[in-house]
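Input: a single structure, listed below in structure tokens.
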Protein chains: 2
Amino acid sequence: MAARAPLTREEVLTAAAALVRQDGPQRLTMRKLAADLGTAVTSIYWHVGNRESLLDALVERTVAELGEIRPRGATPAERVVSVARALRRQLRSHPHLVAMVHERGLTERMFLPAQRALVHEVHAAGVRGARAAEVVRAVQFQVVGHVLVERNRERAPAQSPAEEELWDTPTAEDDRALARALAAPVDTERLFVTSVRALVKSLLETGS
Amino acid sequence: MAARAPLTREEVLTAAAALVRQDGPQRLTMRKLAADLGTAVTSIYWHVGNRESLLDALVERTVAELGEIRPRGATPAERVVSVARALRRQLRSHPHLVAMVHERGLTERMFLPAQRALVHEVHAAGVRGARAAEVVRAVQFQVVGHVLVERNRERAPAQSPAEEELWDTPTAEDDRALARALAAPVDTERLFVTSVRALVKSLLETGS
DNA sequence: ACCTGAACACCGTTCAAGT
DNA sequence: ACCTGAACACCGTTCAAGT
């Protein structure tokens with residue numbers, strides 16, 4: 001039995017990332033992590049401080065790994081929408097990142113990679129100054145909020161009141177097509193694009 | 001010392017609600033709850049099953065306590081915005097409800113009280129069927145998402161990169177007013193209204 | 001500088017036993 | 001029907017002691 005090579009901070013982070021990828025941050029325990037690494041629990045503390053700062057470091061690392069965002073499309077509005085879509089795709093490809101960032105109050109962080117691109121496009125649309133800042137922030141809240149709700153619905157338990165009950169005749173006001181549409185599962189991708197497009201259209205076309 | 005009156009399910013829920021109101025769901029422990037109630041921990045299990053279903057019941061109870069939502073305003077668009085604002089206000093007056101609902105994957109639940117009102121207004125705007133459902137859902141995701149992000153930012157730790165650094169000259173593209181606006185704290189109420197108004201405007205005015 | 005086991009102060013939950 | 005204490009299998013973290 002060769003003695004274990006000395007533990008490094010990077011090694012701890014990588015093992016923690018693997019654990020989180022499988023089971024989510026909730027289920028990352030210091031003891032399980034130590035077992036995976038083949039060390040004593042207490043060694044981990046020497047390298048990363050404690051669980052809190054371990055998760056901090058993990059968020060930082062994962063965000064840094066997200067690639068740059070390249071806008072696509074003919075008009076500034078289209079390009080803003082493409083930034084929003086790209087960011088959504090990035091976040092969805094790291095499902096637990098969203099939870100980690102949310103739990104740690106760092107939603108701001110999730111949006112940083114896209115901000116530079118967004119500022120550029122809003123400027124290209126001729127909007128500047130405080131108004132431009134408002135547009136950037138509106139898109140930020142829209143995208144991050146949507147992803148949070150989306151992720152949330154995915155891990156939702158069976159709807160507690162059945163959908164049909166919710167959309168009975170009085171609520172739907174005799175609009176059968178509406179009742180049917182609301183009872184059906186949401187096409188979140190489509191809803192996302194529709195919403196962002198609508199938001200951006202209004203915000204970019206309104207005069208100062 | 002009079003013997004304790006028999007414990008009831010309602011009593012447990014009320015004590016749990018008080019604990020959650022102060023410290024949030026994270027900090028509600030069965031043992032603390034038992035201590036507050038002056039009973040053995042295990043008595044609680046007899047009345048509410050376990051921690052999971054206790055929190056379920058708490059969410060149900062709190063949502064039921066939210067009042068009805070009355071739309072205000074002259075046009076359907078204005079009235080939809082007023083529903084969104086009312087819902088946001090309700091959710092913000094129960095700060096921990098948002099966290100509980102989110103943790104339990106029940107964001108749908110948060111929106112139910114407002115849905116009936118919203119359907120009515122969208123119909124009044126002449127939008128029906130599947131398109132109407134899309135508008136309702138777009139507003140739903142917008143409102144719930146915004147509140148989630150907002151709550152999240154409020155309990156955020158100190159911004160890890162200082163705001164000024166983020167908004168240095170290259171990123172802000174020589175737009176000093178933009179840099180200043182993005183460095184300043186967000187007026188979330190204003191941002192919320194601006195966003196919802198923009199979204200609703202586009203969605204209600206676009207022909208089918 | 002790095003690792004270790006023992007120990008502390010917590011958890012949620014089960015269960016047999018009481019009345 | 002309702003309550004209890006003891007016990008189980010977990011946590012994160014600290015600390016003195018090792019090399």
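So you know, we letter chains A, B, ... as the sequences are listed, proteins then strands, and number each from 1.
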Tell me, which stems hold DNA chain C, with a stem being 3 or more Watson-Crick or G-U pairs in a row and both distances under 3.5 Å? C:4-8 with D:12-16, C:12-16 with D:4-8
B:R92 bridged to B:E150 by N-O distance under 4.0 Å: yes
Could you tell me the separation between the CD atom of A:E108 and the CD atom of A:Q115, rounded to the nearest 0.5 Å? 7.0 Å
Results of side chain to side chain donor-acceptor pair (under 3.5 Å) for B:T194 - residues two or more places apart only: A:E134
Verify the neighbour count for atom CZ of B:R85: are there more than 12 heavy atoms of other residues, nucleotides or ligands below 6.0 Å? no
Contact boundaries on DNA chain C for chain B, cut-off under 4.0 Å to non-hydrogen atoms: C:dC11 to C:dC15
Would you please say whether a donor-acceptor pair under 3.5 Å links the side chains of B:S53 and B:N50? yes
Around atom CZ of A:R128, are there more than 12 heavy atoms from other residues, nucleotides or ligands closer than 6.0 Å? yes
If you measure from the Lys or Arg side-chain nitrogens to the Asp or Glu carboxylate oxygens, is any gap between B:R116 and B:E121 under 4.0 Å? no
What residues from residues 42-51 of chain A pass a heavy-atom cutoff of under 4.0 Å to DNA chain D? A:T42, A:Y45, A:N50, A:R51
So, the side chain of A:R137 versus the backbone of B:L182: is there a donor-acceptor pair under 3.5 Å, distance only? yes
Between A:H102 and B:H102, what is the ring plane arrangement, given parallel below 30°, perpendicular above 60°, and tilted in between? tilted
Counting heavy atoms not belonging to A:R197, are there more than 12 under 6.0 Å from its CZ? no
When you measure from every atom of DNA chain C, which of residues 22-38 of chain A have a heavy atom less than 4.0 Å away? A:R31
Any side-chain donor near an acceptor of the partner, B:R61 and B:T14, under 3.5 Å: yes
In chain order, what residues pass the side chain to side chain donor-acceptor pair (under 3.5 Å) check against A:R72, with sequence neighbours excluded? none
